[in-house]
Structure formats: structure tokens, C-alpha cells
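Predicted model, so just to flag it, every value in this text is computed and none were measured. As the structure lists them, so they are numbered: ligands from 1, and atoms in each ligand from 1.
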Amino acid sequence: MTQYAIVTDLNRCVGCLACAVACKAVNDVPIGSFWNKVLRIGPNASIQGAQDADSYLYFLPVQCQHCADPECVKVCPTGASHKLEDGTVQVDKSKCIGCQFCAMACPYNVRYLNEQERVVEKCTLCEQKIAQGELPQCVSQCGGMARFFGDLDKSIESFEGAENGTERIVLGEFCKPFTDEDVHVLPNVGNNPSVRYILRDHEWQGGGE
Ligand code: SF4
Ligand code: SF4
């Protein structure tokens, strides 16, 4: 079954915020609200009793995880929040009554109330773009060429990133090798988040697996 998702290679992410800015611009996200935020994790000591030189940090872009079993859909009283056949979770604004049950149920705090329209919004995975075969804007504009888009039904090595010249980069060819232990998700409370994060050589601090 198709499950579109994003994979970010955190060892490549430089925390430039290009993804956050590109997302706001293409989706007209209101001032003060975000569909995609880049968190700074750390600094952490790499060894016990470490000096400054032994510390590290990494950046963690967080958006709607387009969960396989989304809590937001389960609690929505009108059916406005729903899951499509491509696996993305969307909000039908014509059905949304602004009750914000979904925002309270989401484990990752990625939904907000658009005060002007009185409807809840969040990342759509750029549904208007992926329907045309294009990449989500945060992927095509990623300054570190760290973000990749694809279908979790296939291997994440096949996920595609920004164009390098005329062709899209492919995760399995472009990124450094990684193991299954290097692939992480945010804490799973039964919602089964779809977004994946690759982190090598550092301890995963994002909770979850
Ligand atoms: Fe719903 Fe939150 Fe999962 Fe997105 S991350 S699908 S808003 S529960
Ligand atoms: Fe990281 Fe890419 Fe976002 Fe820059 S655009 S913060 S490199 S994910």
C-alpha cells in the first residue's frame, strides 16, 4: 500500500532552515505558524566526562509525520481530517469546525488553528506538487541535499531528493551507507509515524526508535 513519506539524512542537515522558509512561501503559512520546524538537538557529550571538543549537536526537521494510524483522524468529529490512498493525511477545510481535537491528539504538536479562517492546518506534503509528479518544496529546496521523498512501500534507498544538475539525486546512491540501526522515527504511541530520520555515529535523542 502506498505511503508517501520524507526521509532526512541528519548527518547531511546543516540547519540552514531553507526547508522551513520554502514551506512557508509555497504554502502561504501565516506569520508565527509553521508546517515544518527545524529543532536543534544538543549539544550532547559524545563520551562521559567530555570536554567541549567532545560535544556534538544535530538538527531535526519536524513536520506532520503522515502517520499510518493517525490519532488526529480518529478524534476528528466531522471527518475533516482524513487519510488518502497515497498515505498522506489531509484536512478538508470545508468540513473543519476548528474544534482542535486533532491538534490536541497529535503527539508531535504539528497542527495549529488558522485564526483567520478558523480551520486547522498542517503539512500536506505539498499535495498540489506531488500530484503533478513534483517533489515537496522542502525536499527540492533543501540546502544540505538532506531530504528525500518517496513511497515507504519501496525501500528508502529509492527515495528522491533535489536536482543535481538535471537529475534528481537518489538516497541510496547519494548518501553515505547506513544500517537499519541508523534509521529512526519520532516516539510511536500507536500512531506509526511515517517520516524517517537517518543518524549515524551519534546517539538518537529524538525519542522513539
Ligand atoms: Fe496526525 Fe500528528 Fe500524525 Fe500528522 S503527525 S498524521 S497531525 S497525528
Ligand atoms: Fe536541514 Fe535541508 Fe532543512 Fe537546511 S533545508 S535545515 S539542510 S533539512
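Remark: ligand 2 atoms within the under-4.0 Å shell around heavy atoms of Cys13 are 1 (Fe), 6 (S), 7 (S), 8 (S). Ligand 1 places these atoms under 4.0 Å from at least one heavy atom of Lys122: 7 (S). Ligand 2 places these atoms under 4.0 Å from at least one heavy atom of Gly15: 1 (Fe), 6 (S). Each of the following atoms of ligand 1 lies closer than 4.0 Å to a heavy atom of Pro70: 6 (S). Every atom of ligand 2 with a heavy atom of Gly144 under 4.0 Å away is listed here by number and element: 2 (Fe), 7 (S). Atoms of ligand 2 found under 4.0 Å from any heavy atom of Gly143 (numbered from 1 in listed order, with element): 2 (Fe), 5 (S). Annotation for ligand 2: atoms under 4.0 Å from non-hydrogen atoms of Val14 are 1 (Fe), 7 (S).
At a cut-off of 2.8 Å, Cys64 coordinates atom 4 (Fe) of ligand 1 through an N, O or S atom. None of the N, O or S atoms belonging to Cys19 lies under 2.8 Å away from atom 1 (Fe) of ligand 2.
Side-chain contact of Asn191 with Tyr108: a donor-acceptor pair under 3.5 Å is present, judged by distance alone. Using a 3.5 Å distance cut-off with no hydrogens or angles, the side chains of Arg111 and Ser81 do pair a donor with an acceptor. Side-chain contact of Gln65 with Asn192: a donor-acceptor pair under 3.5 Å is absent, judged by distance alone. Gln3 and Ser194 share a side-chain donor-acceptor pair at under 3.5 Å. Between the side chains of Gln137 and Lys129, at least one donor-acceptor pair of N or O atoms lies under 3.5 Å.
Judged by the shortest distance from any of its heavy atoms, Pro107 lies inside the 4.0 Å radius around the atoms of ligand 1.
Judged by a 6.0 Å distance limit and a 45° cone about the ring axis, Lys24 is positioned over the six-membered ring of Phe34.
The heavy-atom pair separating Lys122 from Val110 by the smallest distance is CB-O, 3.6 Å. Residues Tyr58 and Gln205 share a closest heavy-atom pair of OH-N, 2.7 Å.
At a heavy-atom distance under 4.0 Å, only side-chain atoms of Arg147, from C-beta outward, approach ligand 2.
Among all protein heavy atoms, the one lying closest to atom 4 (Fe) of ligand 2 is Cys16 SG, 2.3 Å. The protein atom (non-hydrogen) at minimum distance from atom 2 (Fe) of ligand 1 is Cys106 SG, 2.3 Å. Closest to atom 5 (S) of ligand 1, if we only count protein heavy atoms, is Gln65 N, 3.2 Å. Among protein heavy atoms, atom 3 (Fe) of ligand 1 sits closest to Cys67 SG, 2.3 Å. With hydrogens left out, the protein atom closest to atom 7 (S) of ligand 1 is Arg111 NE, 3.0 Å, a heavy atom. From the protein, the heavy atom lying nearest to atom 1 (Fe) of ligand 1 is Cys72 SG, 2.3 Å.
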Worksheet item: Do Lys37 and Gln63 pass the side chain to side chain contact (heavy atoms under 4.5 Å, CB included) test, and can you show the C-alpha distance, the side-chain angles, and the key distance before you say yes or no?
Response: CA-CA 7 Å; Lys37 275 185 184 174; Gln63 66 203 90; over 6 Å; no
Discussion item. One pair to check against side chain to side chain contact (heavy atoms under 4.5 Å, CB included): Val62 and Leu186. What are the steps and the verdict?
Written reply: CA-CA 9 Å; Val62 176; Leu186 295 184; 4.2 Å; yes
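Between Lys74 and Asp69 there is no salt bridge, since none of the side-chain N atoms of the basic residue sits less than 4.0 Å from a carboxylate O of the acidic one.
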